[in-house]
Amino acid sequence: PPYLVVVPLSTLSAWARELRKWAPSLDTITYTGSALSRDLLRKHEFGKDSKCRGASGKRRFDVLLTTFEIALVDVAHLRNFKWGCMFVDEGHRLKAGQASKLASALETLVTKFRMLLTGTPLQNNLKELLNLM
């Protein structure tokens with residue numbers, strides 16, 4: 001199954017660079033841009049049956065890299081996949097405000113595993129940790 005990586009816009013290019021450097025054999029799609037460009041990308045890369053398979057029946061990508069904003073807007077399209085793992089960078093941002101909408105949207109995705117990455121301490125607060133889970 002493919003992997004979903006959801007990151008802040010400010011770190012998108014760094015993630016793309018690091019994926020090319022450390023996992024060059026993985027086919028990675030950077031899923032951003034205007035609604036029209038994302039629609040074209042979906043038609044070309046997602047395949048006709050929206051299960052990561054094109055006309056040949058082979059999966060088109062291994063990693064879909066996108067931003068918080070695009071994941072929230074296009075969550076309906078992302079729901080068409082069974083993700084191997086979903087990685088969320090800056091996961092501590094899911095706990096408040098606009099990010100809670102993103103957290104609710106991401107919870108609707110089918111994944112085998114989920115990983116939140118954060119460099120921000122959780123202040124030894126069990127409630128805060130449970131909110132992120």
Side-chain angles (χ1 to χ4, degrees):
Y3 299 97
L4 176 63
V5 181
V6 184
V7 302
L9 178 60
S10 62
T11 65
L12 184 71
S13 60
W15 270 93
R17 183 182 62 247
E18 294 302 316
L19 282 164
R20 283 191 306 273
K21 179 179 178 179
W22 294 102
S25 64
L26 295 178
D27 290 324
T28 301
I29 294 175
T30 301
Y31 185 68
T32 59
S34 68
L36 178 61
S37 66
R38 294 192 318 274
D39 185 51
L40 291 172
L41 191 60
R42 284 191 303 271
K43 287 178 183 174
H44 179 70
E45 298 291 340
F46 285 18
K48 292 181 180 177
D49 67 355
S50 297
K51 300 293 184 202
C52 307
R53 303 189 187 288
S56 66
K58 294 183 180 178
R59 191 160 30 93
R60 296 277 190 137
F61 61 88
D62 299 306
V63 178
L64 186 80
L65 175 62
T66 194
T67 65
F68 291 162
E69 296 79 13
I70 299 298
L72 183 58
V73 170
D74 283 0
V75 70
H77 298 290
L78 299 177
R79 280 190 203 114
N80 292 325
F81 299 92
K82 292 181 180 178
W83 301 100
C85 187
M86 175 175 56
F87 300 90
V88 180
D89 192 15
E90 302 290 337
H92 59 277
R93 291 175 51 180
L94 296 179
K95 64 184 177 182
Q98 178 72 10
S100 63
K101 290 181 183 178
L102 175 64
S104 297
L106 294 178
E107 285 176 9
T108 67
L109 301 178
V110 176
T111 63
K112 285 187 180 180
F113 302 99
R114 297 172 185 206
M115 180 177 287
L116 294 179
L117 305 172
T118 184
T120 302
L122 297 176
Q123 306 300 323
N124 296 322
N125 184 333
L126 186 57
K127 183 178 179 184
E128 190 173 337
L129 176 62
L130 292 174
N131 283 339
L132 291 174
M133 295 172 68

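Small disclaimer: the values here were computed from a predicted structure and weren't measured. In what follows, residues are counted from 1 in the order of the sequence shown.
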CA sep, side-chain torsions, deciding dist, call: Leu65, Ile29, side-chain contact (heavy atoms from CB on, under 4.5 Å):
CA-CA 6 Å; Leu65 175 62; Ile29 294 175; over 6 Å; no
Joint cluster assignment, Leu109 & Val73, ILVMFWY side-chain distance < 4.5 Å
no
Indicate yes or no for a side-chain donor-acceptor contact from Thr66 to the backbone of Tyr31 under 3.5 Å, with no hydrogens or angles considered.
yes
Where do Leu116 and Gly91 come nearest, in terms of heavy atoms and distance?
CD2-CA, 4.2 Å
Beyond-backbone contact of Thr111 with Leu4, side-chain heavy atoms, under 4.5 angstrom:
no
Which heavy atom of Gly84 sits nearest to which heavy atom of Pro1, and what is that distance?
N-CB, 3.5 Å
Working for side-chain contact (heavy atoms from CB on, under 4.5 Å), residues Val6 and Thr67
CA-CA 5 Å; Val6 184; Thr67 65; over 6 Å; no
Are the side chain of Trp15 and the backbone of Val5 linked by a donor-acceptor contact shorter than 3.5 Å?
no
Could you go through the side-chain contact (heavy atoms from CB on, under 4.5 Å) check for Val63 and Asp27 one step at a time?
CA-CA 6 Å; Val63 178; Asp27 290 324; over 6 Å; no
Could you tell me if the side chain of Val7 sits less than 4.5 Å from the side chain of Glu90, heavy atoms only?
no
Side chain Ser34, main chain Ser37, donor-acceptor under 3.5 Å
yes
Judged by atom type as modelled, is there a donor-acceptor pair below 3.5 Å linking the side chain of Arg38 to the main-chain atoms of Asp74?
no
Close side-chain approach of Phe81 and Phe46, heavy atoms under 4.5 Å:
yes
Do you know which two heavy atoms are closest between Arg60 and His44, and how far apart they sit?
NH1-O, 3.0 Å
Going only through I, L, V, M, F, W and Y residues with side-chain contacts under 4.5 Å, is there a path from Val110 to Met115?
no
Test item: Val75 and Leu106 side chains (from C-beta on) under 4.5 Å apart, heavy atoms:
no
What's the verdict on side-chain contact (heavy atoms from CB on, under 4.5 Å) for Lys112 and Met86, showing C-alpha distance, side-chain angles and the deciding distance?
CA-CA 8 Å; Lys112 285 187 180 180; Met86 175 175 56; over 6 Å; no
What are the two closest heavy atoms between Ala105 and Leu72, and how far apart are they?
CB-CD1, 3.9 Å
Are there more than 12 heavy atoms of other residues, nucleotides or ligands under 6.0 Å from atom OH of Tyr3?
no
Using side-chain contact (heavy atoms from CB on, under 4.5 Å) as the criterion, point out the one residue from Leu19, Asp62, Leu64 that pairs with Thr28.
Leu19
Check whether any side-chain heavy atom of Pro2 lies under 4.5 Å from a side-chain heavy atom of Trp83, and answer yes or no.
yes
Hey, could you give me the CG/CD distance between Leu102 and Glu107, rounded to the nearest 0.5 Å?
10.0 Å
Are the side chain of Thr11 and the backbone of Ala14 linked by a donor-acceptor contact shorter than 3.5 Å?
no
